[in-house]
Each structure stands twice: as structure tokens, then as C-alpha cells.
Amino acid sequence: MESEKCVLKNCCCGCSLRTGTIIIAVLSLLFGLATAGYSIYLVVAGVTEGWLDLVINIFNIIVAIVLIHGIRTERAGLVMAWVWATAFSIALSVVLGIVFVFITASLVAAFILFVVSAIQIYFLLVVRSYALSLKHNTLVINMDTTPRQSVV
């Protein structure tokens, strides 16, 4: 089955997928709030690119809140919304990062891009695995709650 590829059984240090996903959601929210604050500082300072950064950071904050709500209510669809938004963000960051590395020819930037992308991909796999476990549990529960016909 295609959805069974790259599925983790637990998060780093033996934490459950749910605990790992909660940590990732909180870190995502805190990072979004911190970078939004910096974007506001850029806007106030008169940097026009600050507006684009602010919009992206507000989007990231909303997606982190959706992830937290999805975890709290155990809704796989909301958790997967974070997965898809983050996958798009990672892909865009990698493409722009590679362009930046080629323009600047910086090995340090290439190393940082590699490390940050690897961490983001790991986070993505943890959250995706949690969402798939929610879907699997829902299917099992739905199968178990179907009424059975009695044979007389």
C-alpha cells in the first residue's frame, strides 16, 4: 500500500507520535510567531519585503493552529493539512535555497540548507505518520462499530 511507505512508529528519543507531533506543532507555532514579529519589525523599518514575509508567517501560524486543533480533536484531515502545507513550504525553500547557494557559491549556506531541510523532512514524516495512525484507528473503530446481524 502506498500510504505505508516512510511511516515511523515513534518520534525521536522514544516519544510517541502524538507527543512528537504536539512538540512539532508548538515549535512551529512559536517559530511562526517569532518570525512574524521580525517581519513586523521589517515593515516598521520600511523594508517592503517585510509585508511578504509577514503574510507567509501569518499563513504558517494559521497552519500551526490547525495542526494543534487537529491533534486535540484527533482529526487526520486537519493534521494532513499541515503536512501538505509544510511539504509545499519545504519544496519551495529547497528550490530557493539552491538558487541562493548557486548565486552566492556559499558552502556554509549549502550546509545550513541541508541540515534545516533534513530536520523539516523528519518533522514532516513524524506528523504524517501520526495522521496515518489516526486514519488507521478511525478505520478500525468504524469496522468494529458496525452492527452485526444475528442469525436465528
Side-chain angles (χ1 to χ4, degrees), residues 1-40 42 49-50 52-148:
M1 185 179 244
E2 189 173 331
S3 65
E4 297 298 322
K5 294 180 182 176
C6 297
V7 176
L8 305 174
K9 294 183 181 179
N10 55 19
C11 190
C12 58
C13 302
C15 296
S16 70
L17 289 174
R18 186 174 196 281
T19 302
T21 302
I22 290 170
I23 293 168
I24 291 166
V26 170
L27 289 175
S28 181
L29 181 61
L30 291 175
F31 182 75
L33 290 170
T35 54
Y38 181 69
S39 297
I40 291 170
L42 290 177
E49 291 85 11
L52 179 60
D53 288 345
L54 184 60
V55 169
I56 291 169
N57 291 320
I58 290 172
F59 176 76
N60 289 335
I61 291 168
I62 292 169
V63 171
I65 291 170
V66 167
L67 176 59
I68 291 169
H69 183 65
I71 296 166
R72 192 176 63 77
T73 59
E74 295 187 346
R75 292 177 57 191
L78 294 177
V79 175
M80 284 303 290
W82 183 90
V83 170
W84 285 109
T86 302
F88 177 74
S89 174
I90 291 170
L92 187 61
S93 296
V94 167
V95 169
L96 293 175
I98 290 171
V99 169
F100 176 77
V101 167
F102 278 118
I103 290 172
T104 63
S106 171
L107 292 178
V108 173
F111 178 75
I112 292 171
L113 173 67
F114 174 75
V115 170
V116 169
S117 297
I119 292 169
Q120 288 178 321
I121 290 169
Y122 178 72
F123 284 176
L124 182 86
L125 289 174
V126 170
V127 176
R128 179 181 172 271
S129 297
Y130 176 67
L132 290 176
S133 74
L134 287 177
K135 283 182 183 178
H136 179 70
N137 288 342
T138 302
L139 290 175
V140 171
I141 290 169
N142 287 342
M143 289 174 25
D144 288 343
T145 59
T146 56
R148 297 190 178 146

> So how far is it from Trp84 CH2 to Arg128 CZ, rounded to the nearest 0.5 Å?
8.5 Å
> Let me confirm one number: the CG-OG distance from Leu134 to Ser129, rounded to the nearest 0.5 Å.
11.0 Å
> Which atom names give the shortest non-hydrogen contact between His69 and Leu78, and what distance separates them?
CD2-CD1, 3.5 Å
> Write down the atom of Ala64, the atom of Ala25, and the distance for their closest heavy-atom approach.
CB-O, 4.2 Å
> Under the 3.5 angstrom rule, does the side chain of Ser133 hit a backbone N or O of Tyr130 as a donor-acceptor pair?
yes
> Would a distance-only check, ignoring hydrogens and angles, find a side-chain to backbone donor-acceptor pair under 3.5 Å from Ser89 to Ala85?
no
> Can you check side-chain contact (heavy atoms from CB on, under 4.5 Å) on Val115 and Phe111, steps first, answer last?
CA-CA 6 Å; Val115 170; Phe111 178 75; 3.7 Å; yes
> Can you see which heavy atom on Leu124 is nearest to which on Ala87, and at what distance?
CD1-N, 3.8 Å
> Do you know which two heavy atoms are closest between Ser106 and Ala109, and how far apart they sit?
OG-N, 3.1 Å
> Return the CD1 to CD1 distance between Ile58 and Ile40, rounded to the nearest 0.5 Å.
7.0 Å
> Give, for atom OG1 of Thr86 and atom CD1 of Ile121, the distance between the pair rounded to the nearest 0.5 Å.
11.5 Å
> Side chain to side chain contact (heavy atoms under 4.5 Å, CB included) with Thr21: which of Ile71, Val26, Ile68?
Ile71
> Using 0.5 Å steps for rounding, measure from the CG atom of Asn60 to the CG atom of Leu67.
12.0 Å
> When you measure from the side chain of Ser39 to the backbone of Thr35, do you find a donor-acceptor pair of N or O atoms at a distance under 3.5 Å?
yes
> Within this structure, what is the CZ-CD1 distance for the pair Phe31 and Ile24, rounded to the nearest 0.5 Å?
14.5 Å
> I need the minimum non-hydrogen distance between Gly50 and Leu42, along with the two atoms involved.
CA-CB, 4.0 Å
> Using every non-hydrogen atom in the two residues, find where Phe123 and Trp82 come nearest and quote the distance to one decimal.
O-CZ3, 4.2 Å
> Could you walk me through whether Leu8 and Tyr122 pass the side-chain contact (heavy atoms from CB on, under 4.5 Å) check?
CA-CA 10 Å; Leu8 305 174; Tyr122 178 72; 3.8 Å; yes
